[in-house]
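Take a look at the structure below.
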Amino acid sequence: MDITTKLMQYRYQFTLAIVGSLILGLLSYAIPRVLTILAYFWPLFASTAVFLLLIIAFGGVSHLATDSHGEKAGEGLLDYVAGRPEHFGDAQRYD
């Protein structure tokens with residue numbers, strides 16, 4: 001008698017565990033395997049890898065560094081936005 005009262009005390013937890021187990025079991029049966037997904041998408045993965053390798057081979061990674069573009073590349077724009085148009089006073093005026 002003591003066992004049935006303890007079981008009834010945790011009946012919602014048992015119900016939740018059983019329902020959760022059934023849902024996980026059905027999902028694991030219904031979802032495709034990882035190898036099936038990789039077999040389906042391998043041309044996409046391979047072409048993306050080749051494309052990235054070509055970008056690195058022809059473009060080079062060193063061009064992405066800030067030294068090759070100059071450290072003050074956006075200084076004129078930042079000065080203009082900050083309200084100090086010092087670099088824009090050098091432009092020719094056509095009156």
Which hydrophobic side chains are connected to Ile18, either touching it within the sub-4.5 Å cutoff or through other members that do? Leu22

Remaining members of hydrophobic cluster (4.5 Å side-chain criterion), Ile23: Val19, Leu27

Tabulate below the donor-acceptor pairs under 3.5 Å that side-chain atoms of residues 32-55 make, not counting sequence neighbours, or state none.
unit_1: Ser47; atom_1: OG; unit_2: Pro43; atom_2: O; d: 3.1
unit_1: Ser47; atom_1: OG; unit_2: Leu44; atom_2: O; d: 3.1
unit_1: Thr48; atom_1: OG1; unit_2: Leu44; atom_2: O; d: 2.8

CZ on Phe14 to CE on Met8, rounded to 0.5 Å: 11.0 Å

